[in-house]
Amino acid sequence: MNQRSYLDHNATAPLRLEVREAVIDALALSGNPSSVHTEGRAARAAIERARVQVAKLVGAKPENVIFTSGGTEANALALAARSGEAWHGYLSAIEHPSVLSGGRFSRETTTIIPVTPEGVVDLDVLRKTLEEHKPRGWRPFVSLMAANNETGAIQPVAEAAAIVHDAGGILHSDAVQAAGRIPLDMTALGADMVTLSAHKIGGPKGVGALVLAEGVSVEPLIKGGGQEGRRRAGTENLAGIVGFGVVAGLAAADLTKMDAIAQLRDALEEGVSALCADAVVLSAGVARLPNTSCTAVPGVKAETLVIGLDLAGVAVSAGSACSSGKVEASHVLAAMGVAPEIAQGAIRVSLGFGSENTDIQRYLSTFGALVKRLKQNAKEAA
Ligand code: PLP
């Protein structure tokens, strides 16, 4: 049995062993991938191998993969291209902060598209808004994530893409959480651009990609050398990119294990409901990522639970994992209209390749004891 139960894969996943070995080997590659000599060509070949592996994960052409420093930069690159006056941004209310506050669109040139109480974008609102805005002559740029990082709710990207394309616009999808957890195919999604990040699926931190559909171009954010087809300057993060390629291959093969992960997730939610009749499972009524569960017990503060669980060897997040380590109100749960006393108690459990039944049992026994104690304390204080 593992000493600790790491159940926070949506924040980041532990580096997979095979990836670590490949990264260490790649660190020994001495050449600059842009150099024409033997050492340079060896480094270039490693990058191009990784490009093929990453492209395969989303059914894209390798030449349409632009490596970046992660999901955040890939989102910024996608948004940057459409920040001119002719464009208007339509962003779902539950996008990651790197899309919502990427600073690419001013308030006047952005419209937020709401979500349903289950956390799925409201396509009727999107359709109506695009129709209403038609006379203004804007080109729509829509950003709709493939699945949400807090609730796991899968978004109707293909349907949204059809609506956007009918309106003459383009659609970007942040698939950072969906990749490697559900099958993804650029053509089936209908997305013009897709964002990926290596570290959510056991790759290195600090590497990601923006993947383009055929014929779609971007304006570089970082200008300089001609790397990445003149779309992202700077000597490539060779070891990171190699690790991303390896993990993309592993993740594609591991999609078959996602049913087992979903069973663990379901067992966890059944256990939580058995321990607390008033527990709420967010987005329970819609299709979700197999690895993600967001539950709340009204009146029980998430921070208290997160600390108690951590002390007992279980790592989870309170609502959204904030980079600052602070627990802030979740904009996702607020957009879903979740009552503050429930949102304040929202715990996100996110499973991954190493998760086992013993992790779920450890979570449930600790959670049960903590909730019992906290409810007892609250009763005594009342
Ligand atoms: N998009 C989503 C949905 C995420 O969950 C994250 C990470 O939390 C990002 C983008 C940012 O990715 P990165 O950490 O690689 O910058």
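Computed from a prediction, not measured in an experiment: that's the story for all the values here. Note: hydrogens, waters and symmetry copies are ignored here, and every other heavy atom, side chains too, is used. Start at 1 and go down the list; that is how both ligands and their atoms are numbered.
Below 4.0 Å from some heavy atom of Gln177 lie the following atoms of ligand 1, by number and element: 3 (C), 4 (C), 5 (O). For ligand 1 and His199, the ligand atoms under 4.0 Å from any heavy atom of the residue are 13 (P), 14 (O), 15 (O). Close contacts of ligand 1 with Gly70, meaning ligand atoms under 4.0 Å from a residue heavy atom, involve 15 (O). Counting atoms of ligand 1 from 1 in the listed order, those under 4.0 Å from a heavy atom of Val176 are 1 (N), 2 (C), 4 (C), 6 (C), 10 (C). Of all atoms in ligand 1, listed by their number and element, those nearer than 4.0 Å to a heavy atom of Asn149 are 3 (C), 5 (O). Distances below 4.0 Å separate heavy atoms of Ser197 from the following atoms of ligand 1: 13 (P), 15 (O).
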Test side-chain hydrogen bond (donor to acceptor under 3.5 Å, both in side chains) on Gln361 and Thr358 and set out the steps. CA-CA 5 Å; Gln361 296 318 319; Thr358 49; over 6 Å; no

Where do Glu132 and Lys128 land on the salt bridge (Lys or Arg N to Asp or Glu O under 4.0 Å) test, with the steps shown first? CA-CA 6 Å; Glu132 272 169 33; Lys128 276 192 203 130; over 6 Å; no

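An N or O contact shorter than 3.5 Å is missing between Asn10 and ligand 1 by distance. Considering backbone and side-chain atoms alike, Gly71 places an N or O below 3.5 Å from some N or O of ligand 1.
Annotation for Arg139: atom CZ counts as buried by contact number, over 12 foreign heavy atoms lying within 6.0 Å.
The backbone N or O of Glu356 lies less than 3.5 Å from a partner atom in the side chain of Asp359, making a donor-acceptor pair.
Residue contacts with ligand 1, taken as heavy atom pairs separated by less than 4.0 Å, involve Lys200 solely via side-chain atoms from C-beta onward. When non-hydrogen atoms are compared, ligand 1 lies under 4.0 Å from the side chain of Asp174 (C-beta onward) but not from its backbone. Under 4.0 angstrom from ligand 1, the non-hydrogen atoms of Met145 all belong to its side chain.
Val194 is connected to Val121 through a chain of hydrophobic side-chain contacts under 4.5 Å among Ile, Leu, Val, Met, Phe, Trp and Tyr, so both are in one cluster.
Relative orientation of the His88 and Trp138 rings is parallel, given thresholds of 30° and 60° on the angle between their planes. Ring geometry, His133 versus Tyr90: the interplanar angle falls from 30° to 60°, so the pair is classed tilted.
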